[in-house]
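A note on names: the letters A, B, ... follow the listed sequences, proteins ahead of strands, and every chain is numbered from 1. The figures here come from the full heavy-atom set of this structure, side chains too, leaving out hydrogens, waters and symmetry mates.
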Amino acid sequence: MLQIQLIIEDKERVLRGLKKKRLKDAEKYIQEIIELDQKRKQLITQSNEIKNNINVLSKQIGDLFKSEKKEEAEKLKPTSIELKGREAQIDTELKHIETALHNTLVLLPNLPHSSVPDGACAEENEIVFQYGNIPVLSSDALCHWDLADKYGIINFELGVKLTGAGFPVYRGKGAKLQRALINFFLDEALKNDYIEIEPPVLVNEDSGFGTGQLPDKDGQMYYVEKDQLYLIPTAEVPITNIYRDVILKENELPVKNCGYTLCFRREAGSYGKEVRGLNRLHQFDKVEIVQIVRPEESYEVIEEMREYVASLLKMLELPFRTVKLCGGDMSFASALTYDMEVYSAAQKRWLEVSSVSNFETFQTNRLKCRFKDKNGKTLLTHSLNGSALALPRIVAALLENNQAERGIKIPPVLVPYTGFEWID
RNA sequence: GGAGAGAUGGCAGAGUGGUUGAAUGCGGCGGUCUUGAAAACCGUUGUACCUUAACAGGUACCGGGGGUUCGAAUCCCUCUCUCUCCGCCA
């Protein structure tokens with residue numbers, strides 16, 4: 001959520017940013033917010049004055065009762081009652097204004113960082129880095145869903161039987177590979193000073209709102225109606241919400257957390273080759289990294305996180321590229337996002353395996369995650385997160401890129417975790 | 001799931017209708033003392049919002065929401081959570 005103060009103080013900058021994010025009717029929203037906020041302030045001032053009058057009267061009445069001047073006290077009561085009626089009116093109006101203001105404010109996406117390229121869609125993203133050689137496979141190379149079937153390690157049909165499409169069953173070395181990747185990713189994160197968190201995978205509405213999934217992506221989360229809980233689409237939600245309504249001490253920053261969780265996404269509206277095999281699942285495994293940092297450090301930190309994710313891909317010997325998303329392709333809450341894409345050689349496409357974002361104060365403003373700076377002033381922190389990494393597409397690329405006559409070669413760095421060198 | 005008890009400031013813990021944003025203790029910060037530190041003593045110590053150029057003033061917040069009252073941390077309703085006992089259970 002954007003800060004109202006920024007909208008009022010630097011309307012032009014906000015408008016420029018919203019346009020870069022391709023928000024329609026930005027002027028209309030901004031105008032509305034400014035007007036609503038003015039009205040809001042007026043009403044608060046009026047309400048406060050009346051409340052003050054009531055408080056003064058109440059004290060007088062109390063004093064009169066104490067000094068046994070009951071009749072005089074009784075005479076003051078009607079005034080107070082009348083004031084209260086007026087206050088109630090103003091408060092009702094104020095509530096309406098505040099709801100309207102909030103509802104509009106929540107529609108505004110975060111402003112993109114100045115370095116974000118202008119553009120409307122994925123084609124206009126900027127490739128900032130590419131690593132590794134694109135493997136050239138023989139003509140009979142298989143896509144990962146066929147390899148999964150060939151070696152009996154992932155069963156998509158069985159998932160359909162148990163649950164539905166997008167819920168694969170991993171078996172034997174396939175299951176072990178999952179476990180190996182999770183542990184590898186967590187261990188690497190710990191080496192880089194992240195504190196491991198194992199959070200709940202169901203969260204309440206406040207948490208969904210805190211990280212921006214609600215109300216924006218309501219339809220993308222599984223919802224347990226009976227208990228009013230959401231299945232998390234990413235560990236970002238519970239982990240970042242740890243810091244909801246928290247005022248951190250200066251020396252507690254930066255907060256570096258990582259966590260492995262299952263992630264659940266309804267992916268309503270997806271279809272075709274996009275969802276084939278492991279490309280897009282309803283349930284998948286992911287290790288997430290989250291940082292809460294001082295505002296002035298967040299753009300250094302995002303580079304550090306990007307490098308860290310790149311290092312994982314290098315260790316796994318996967319060719320990848322780093323893409324800086326353009327304004328129109330960025331997520332609602334982000335100010336700067338790098339996508340990391342691995343090349344999946346049989347499908348001959350780049351698969352997004354990580355998204356590293358700086359949210360600046362967009363999340364922390366909702367979360368009320370603040371810190372006291374050296375001067376004792378309370379300021380909003382900046383929040384960042386990134387996948388490090390999401391498993392399915394890594395597995396897809398590993399299977400496809402490493403296929404050989406004998407079987408599928410496990411990258412050396414994973415062998416200590418899998419206990420085997422080949423899937424055959 | 002059933003019965004009972006409870007939820008107060010960073011923590012502990014008073015307060016059951018009238019200057020109570022809230023006693024007291026601990027902790028934190030500043031100071032005196034000290035070569036330095038500790039102890040002791042003195043002072044200070046929440047968040048958000050509104051008005052103001054500023055000084056300053058005002059409002060709200062004692063788990064959340066609603067109500068009674070001129071006035072609520074205090075009374076009533078409701079929800080959530082915690083604890084104890086019973087039941088069930090990995």
**Study point:** Nucleotide B/rA48, atom P - distance to CD of A/Q5 in whole Å
**Key:** 12 Å

Review point. With a non-hydrogen cut-off below 4.0 angstrom, is A/L57 in contact with a base, only sugar-phosphate, or nothing?
Key: nothing

Practice item. In whole angstrom, give the distance that lies between atom CD of A/E252 and atom P of B/rG10. Key: 14 Å

Review point. With respect to the side chain of A/N52, which nucleotide from B/rC70, B/rA48, B/rU59 is positioned closest?
Key: B/rU59

Revision key, fill the gap. So, with a heavy-atom separation below 4.0 Å from RNA chain B, the residues of residues 37-50 of chain A are A/R40, A/K41, A/I44, A/T45, A/N48

Review point. Is the distance between the ring centroids of A/F209 and A/H102 less than 6.0 Å?
Key: yes

Exercise for review: With P as the reference atom in both, quote the distance from B/rC61 to B/rG71 in angstrom, rounded to an integer.
Suggested key: 13 Å

Check your understanding: Dot-bracket, RNA chain B: Watson-Crick or G-U, under 3.5 angstrom, [ ] crossing, | other strand?
Key -> ((((((((.[[[..)..(.....]]]((((((.......))))))((((((....)))))).[[[[[..)....]]]]])))))))....

Point to revise | Side-chain ion pair, A/K41 and A/D37, N-O less than 4.0 Å | key: yes

Practice item. Please work out if A/K95 contacts a base, only the sugar-phosphate, or nothing of the nucleic acid, heavy-atom cut-off 4.0 Å. Key: sugar-phosphate

**Study point:** Proximity of A/F284 and A/F264 rings by center, below 6.0 Å
**Key:** no

Review point. When rounded to the nearest Å, what value does the distance between P atoms of B/rU47 and B/rG43 take?
Key: 22 Å

Review point. Expressed in angstrom and rounded to an integer, what is the separation of A/L380 atom CG from B/rU47 atom C1'?
Key: 13 Å

Review point. Considering only the P atoms, how many Å lie between B/rU84 and B/rC29, rounded to the nearest integer?
Key: 35 Å

Practice item. Decide, yes or no, whether a salt bridge links A/D118 with A/K20 under the criterion of side-chain N to carboxylate O below 4.0 Å. Key: no

Check your understanding: Is it true that A/E341 and A/R393 have a side-chain N and a carboxylate O under 4.0 angstrom from each other?
Key -> no

Study note, to complete from the structure: RNA chain B nearest-nucleotide lookup for A/I247 and A/V56: closer to the 5′ end is A/I247

Exercise for review: Please state how far atom CG in A/D245 lies from atom P in B/rG10, giving the value in whole angstrom units.
Suggested key: 12 Å

Revision key, fill the gap. A/N251 CG to B/rG28 P, in whole Å, measures 13 Å

**Study point:** Salt-bridge criterion met for A/K75 and A/E72 (N-O under 4.0 Å)
**Key:** no

Check your understanding: Rounded to whole angstroms, how far apart are CD on A/E68 and P on B/rG18?
Key -> 16 Å

Point to revise | Ring centroid separation A/F359 to A/H382 under 6.0 Å | key: no

Practice item. Determine the interatomic distance between C1' on B/rU74 and the same-named atom on B/rG18; round to the nearest Å. Key: 12 Å

Practice item. Provide the distance between the two P atoms, one in B/rU20 and one in B/rC26, to the nearest whole Å. Key: 23 Å

Practice item. Using a strict 4.0 Å threshold on nitrogen-to-oxygen distance, state whether A/K95 and A/E98 make a salt bridge. Key: no

**Study point:** A/E27/A/K19 salt bridge by N-O under 4.0 Å criterion
**Key:** yes

Review point. Taking the P atom of each, how far is B/rU45 from B/rG25, in whole Å?
Key: 15 Å

Exercise for review: Take the protein atom CG of A/D206 and the nucleotide atom C1' of B/rC79, then report the distance between them rounded to whole Å.
Suggested key: 14 Å

Review point. Can you check whether A/R370 has a side-chain N or O nearer than 4.0 Å to OP1 or OP2 of B/rA48?
Key: yes

Review point. Is the shortest distance from a Lys or Arg side-chain nitrogen in A/E252 or A/K249 to a carboxylate oxygen in the other one below 4.0 Å?
Key: no

Point to revise | C1' gap between B/rG10 and B/rC62, integer Å | key: 15 Å

**Study point:** C1' atoms of B/rA90 and B/rG15, separation to the nearest Å
**Key:** 45 Å

Check your understanding: Does A/K84 make a side-chain donor-acceptor contact with the base of B/rU69, cut-off 3.5 Å?
Key -> yes

Exercise for review: Pick base, sugar-phosphate or nothing for A/S80, based on heavy-atom distances below 4.0 Å to the nucleic acid.
Suggested key: sugar-phosphate

Revision key, fill the gap. Between CD1 of A/I54 and P of B/rG71 the distance, given in whole Å, is 7 Å

Point to revise | Sugar-phosphate only, base, or nothing, as touched by A/D63 at under 4.0 Å among non-hydrogen atoms | key: nothing

**Study point:** Partner set under side chain to side chain donor-acceptor pair (under 3.5 Å) for A/N204, not counting sequence neighbours
**Key:** A/S207

Practice item. Go through B/rG18, B/rU47, B/rU59 for me and flag the one nearest to the A/K51 side chain. Key: B/rU59

Exercise for review: Report the nucleotide, chosen from B/rC70, B/rU59, B/rG46, that has the shortest atom-to-atom distance to any side-chain atom of A/K372.
Suggested key: B/rG46

